[in-house]
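Structure first, commentary second.
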Protein chains: 4
Amino acid sequence: MGHQTPAEVEAGLLRPPSGARSDAAHEKALRSAVCLLKIGGMKAATIDAISEQSGVSKVTLYRHWPSRQAIAAEAFGVLMARHLTFPETDSAQADLNDYLDDIGKFYRGPLGSIFVELVGACANDATTAAYFRTFFLDERRRGFADLIQRCVESEYFRDDIDTEQAIDLFFGPLVYRMLVGHASIDDRALHSIIDHAIRGLRKPV
Amino acid sequence: MGHQTPAEVEAGLLRPPSGARSDAAHEKALRSAVCLLKIGGMKAATIDAISEQSGVSKVTLYRHWPSRQAIAAEAFGVLMARHLTFPETDSAQADLNDYLDDIGKFYRGPLGSIFVELVGACANDATTAAYFRTFFLDERRRGFADLIQRCVESEYFRDDIDTEQAIDLFFGPLVYRMLVGHASIDDRALHSIIDHAIRGLRKPV
Amino acid sequence: MGHQTPAEVEAGLLRPPSGARSDAAHEKALRSAVCLLKIGGMKAATIDAISEQSGVSKVTLYRHWPSRQAIAAEAFGVLMARHLTFPETDSAQADLNDYLDDIGKFYRGPLGSIFVELVGACANDATTAAYFRTFFLDERRRGFADLIQRCVESEYFRDDIDTEQAIDLFFGPLVYRMLVGHASIDDRALHSIIDHAIRGLRKPV
Amino acid sequence: MGHQTPAEVEAGLLRPPSGARSDAAHEKALRSAVCLLKIGGMKAATIDAISEQSGVSKVTLYRHWPSRQAIAAEAFGVLMARHLTFPETDSAQADLNDYLDDIGKFYRGPLGSIFVELVGACANDATTAAYFRTFFLDERRRGFADLIQRCVESEYFRDDIDTEQAIDLFFGPLVYRMLVGHASIDDRALHSIIDHAIRGLRKPV
DNA sequence: AGCTAAGCGAGACGGTACGTCAAGTCTTTCA
DNA sequence: TGAAAGACTTGACGTACCGTCTCGCTTAGCT
């Protein structure tokens with residue numbers, strides 16, 4: 001399947017398949033971007049480096065993406081596709097705790113810092129943000145939204161909460177701390193933050 | 001008073017005063033940076049532009065700050081010093097609501113987008129983050145912490161909450177949304193987010 | 001009739017006729033090249049532009065010509081076919097003067113600067129030079145050679161001159177000045193140069 | 001002494017001396033350009049190549065010259081400064097013949113083809129032409145003008161000739177032939193052309 | 001009448017070079 | 001002695017044009 005600009009993706013459109021060549025370049029570029037991101041983060045994923053390492057010319061890269069940040073965003077989506085599956089047991093509450101634990105580990109690992117760099121890049125460029133959402137965030141949020149919904153259905157959370165806001169209540173504080181570094185996100189802090197957020201969402205007992 | 005690197009600041013150290021000239025250059029540079037930030041955001045606040053507009057040579061800038069982001073961070077602190085005072089009436093709860101209202105307006109205004117750009121810049125460079133905290137964030141958080149403490153004392157909030165986490169429970173979701181743009185921060189969303197956060201902190205009634 | 005590469009042309013060979021389509025593309029490309037040359041000179045006559053404007057694909061262009069300069073050279077020949085006819089009255093001397101006057105006007109006009117650009121392009125590529133000669137210069141020189149021959153026959157010029165050299169004695173200085181711009185080619189200069197050249201060729205009286 | 005743009009040079013102005021560093025870069029770049037020109041002609045003297053080989057950054061090159069052709073033009077001037085001195089014996093006529101002989105050899109040698117490439121480059125860009133004249137041609141023409149003047153004084157040439165035109169009468173045909181390649185410039189042709197030109201300038205006997 | 005080979009438009013691609021921007025360093029000169 | 005002035009290197013950027021390639025369509029001309 002060919003690549004898609006966020007606009008098209010967000011509009012639910014697909015580009016007409018363009019032939020083997022185009023996709024090959026797209027894939028090669030993404031693979032190189034993934035590799036460079038893992039090794040050196042956003043700083044390493046320059047257009048020149050991706051071009052050189054992948055054998056895809058710069059002009060072609062610019063035909064496929066509007067900026068290096070966009071490539072990185074999509075590459076990050078590819079990279080994360082293999083991680084962080086959502087637990088799905090009988091207990092929504094247990095699943096929530098499991099998932100939030102995973103999140104904590106993720107944020108403190110190498111992928112976490114790439115994630116943070118990407119969020120930072122979103123600040124400078126709305127297009128990057130669009131790519132980041134389309135190729136990574138949206139799907140992940142959908143998964144988490146399902147989990148929250150299950151918490152609502154099992155009467156763990158109130159039924160008048162806004163799912164999107166609930167998600168941000170968990171993630172926002174963590175991301176903010178990772179970006180600015182004003183406070184720790186060690187296990188204790190993490191659990192305490194989560195605890196506060198859960199209290200904000202729980203159904204009164 | 002001469003300038004301080006964050007390391008020194010955070011360690012409570014002061015550089016030996018360096019003479020009248022130095023401070024004049026420091027001030028001039030900051031004034032220019034403030035001006036450039038207001039006009040064109042982070043993108044406009046380049047070293048060359050600051051140097052040219054302020055008449056302070058690049059070399060001198062680098063003697064005073066480690067990077068252009070650091071200048072911007074300190075300049076932003078200067079810029080914000082005149083805004084967003086904390087309300088202080090008899091009612092902590094009313095003060096909290098007033099303040100959070102102000103925050104909303106601030107985030108959506110021109111200063112808000114500079115703030116977001118700076119937070120984004122923090123992602124790439126720990127030193128920038130240190131400057132940002134030292135010259136802007138720390139003081140502001142202290143003010144907000146006091147407000148939260150008053151909410152605890154007036155038994156609006158529980159007394160076992162962590163003030164730092166409480167702050168991030170309010171700010172994190174907003175900042176996250178501003179950065180990534182995945183959801184609105186209009187008045188309704190804002191109040192709903194705040195409402196969720198407050199619920200997480202409130203003393204059970 | 002199909003097109004010919006200079007080598008073939010110069011060897012007196014013709015390509016086997018290739019079918020109606022081929023010629024249509026050839027003509028369309030030349031027409032576009034003429035148009036682009038007139039509007040923007042050599043700089044505008046890029047392969048991409050010719051291809052786009054004419055609807056002839058780049059691959060086809062490269063099947064018909066070895067380079068964009070070659071296309072331009074042939075197009076210039078087409079363009080000039082409509083201009084600069086040779087006067088032919090009873091007086092060879094008068095005809096010579098008329099023609100040289102025309103030349104002066106031509107060199108200073110828009111076609112003159114295209115001509116100069118093409119001569120400049122010949123410097124970098126022998127193939128371009130071959131096209132330029134085949135599709136423009138050779139025929140023109142033949143015409144001028146006839147005129148000079150008539151001057152010899154009417155005993156205006158010596159009969160031991162080399163016609164080719166005589167032509168270059170007139171044109172070389174003009175072209176050189178147009179290329180390098182070290183001296184004017186206004187009417188006075190032009191006539192003076194021509195006068196020197198004629199003196200070099202005249203039969204002593 | 002710092003470098004000069006042709007406009008300044010032609011206006012007789014000098015840039016204010018800029019310090020040792022600048023000149024070092026200028027010299028290094030020219031040396032590299034000379035070297036590259038000798039090895040591969042104009043095609044080899046790319047900005048990137050000059051920058052890489054000389055260790056002078058591209059930005060600096062563009063501060064010193066407006067284009068690679070300008071660098072090449074100045075470099076060619078440097079290269080030629082060591083060649084083609086003007087003979088100066090008692091006999092102006094003999095000196096003229098000697099010099100024209102030298103010219104022939106020069107045109108057919110490796111430097112000749114660089115010369116032709118440069119003349120060709122002048123066709124596309126007036127600035128290149130200005131550099132070419134300033135750093136190579138003007139001085140050379142001054143020398144040749146002196147020689148022609150001596151021919152006038154010795155009553156070999158008429159005294160009503162225009163020196164500039166006389167120069168072009170010799171050089172124009174040669175340059176034209178070298179550029180377009182429509183006719184030979186072997187010894188016979190060369191002498192014949194020179195002979196024609198001389199006839200055009202000689203004092204009637 | 002159908003088949004085959006050629007020419008064709010479309011358009012993506014790798015490559016070379018360009019010209020520019022901003023960052024951060026270094027030297028010279030001045031106060 | 002410290003700072004202004006400003007030239008410098010570095011690294012990356014985004015673009016232009018080139019010449020090549022593959023694809024699938026059309027057409028010509030032979031079988």
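All chains are named by letter (A, B, ...) in the order of the sequence lines, taking the proteins before the strands, and each is independently numbered beginning at 1.
Spacing between atom CD of A:Glu52 and atom P of F:dG11 amounts to 13 Å, rounded to whole angstrom units. The distance between atom CD1 of A:Ile50 and atom P of E:dG14, rounded to the nearest whole Å, is 14 Å.
Residues B:Thr127 and B:Pro66 approach most closely at CG2-CG, 3.6 Å, considering heavy atoms. Heavy-atom minimum distance, D:Gly120 versus C:Ala123: CA-CB, 3.9 Å.
For the atom pair CD of B:Glu117 and CG of A:Asn124, the computed distance is 6.0 Å after rounding to the nearest 0.5 Å. Taking CG of B:Leu118 as the reference point, atom CZ of B:Phe135 lies at 13.0 Å (rounded to 0.5 Å). Distance CD1/C:Ile71 to CZ/C:Arg68: 9.5 Å, rounded to 0.5 Å.
The side chain of A:His26 contributes no N or O atom lying less than 4.0 Å from OP1 or OP2 of E:dA12. Residue B:Arg63 has no polar side-chain atom (N or O) positioned under 4.0 Å from OP1 or OP2 of F:dG2. At the phosphate of F:dA7, neither OP1 nor OP2 sits under 4.0 Å from any side-chain N or O atom of D:Thr60. Residue A:His64 has a polar side-chain atom (N or O) positioned under 4.0 Å from OP1 or OP2 of E:dC13.
Just one residue in the list A:His26, A:His64, A:Gln69 forms a side chain to side chain donor-acceptor pair (under 3.5 Å) with A:Glu74, and that residue is A:His26.
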Identify the pairs formed between an N or O of the protein and an N or O of nucleotides 15-19 of chain E at a distance under 3.5 Å, and give each distance.
residue: E:dC18; atom: OP1; partner: D:Ile47; partner atom: N; Å: 3.4
residue: E:dC18; atom: OP1; partner: D:Arg68; partner atom: NE; Å: 3.1
residue: E:dC18; atom: OP2; partner: D:Ile47; partner atom: N; Å: 2.7
residue: E:dC18; atom: OP2; partner: D:Asp48; partner atom: N; Å: 3.2
residue: E:dG19; atom: OP2; partner: D:Tyr62; partner atom: OH; Å: 2.4
residue: E:dG19; atom: O5'; partner: D:Tyr62; partner atom: OH; Å: 3.3
residue: E:dG19; atom: N7; partner: D:Lys58; partner atom: NZ; Å: 3.1
residue: E:dG19; atom: O6; partner: D:Lys58; partner atom: NZ; Å: 2.8

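Mapping C:Leu61 and A:Leu61 onto DNA chain E via the closest heavy atom, the residue that lands nearer the 5' end is C:Leu61.
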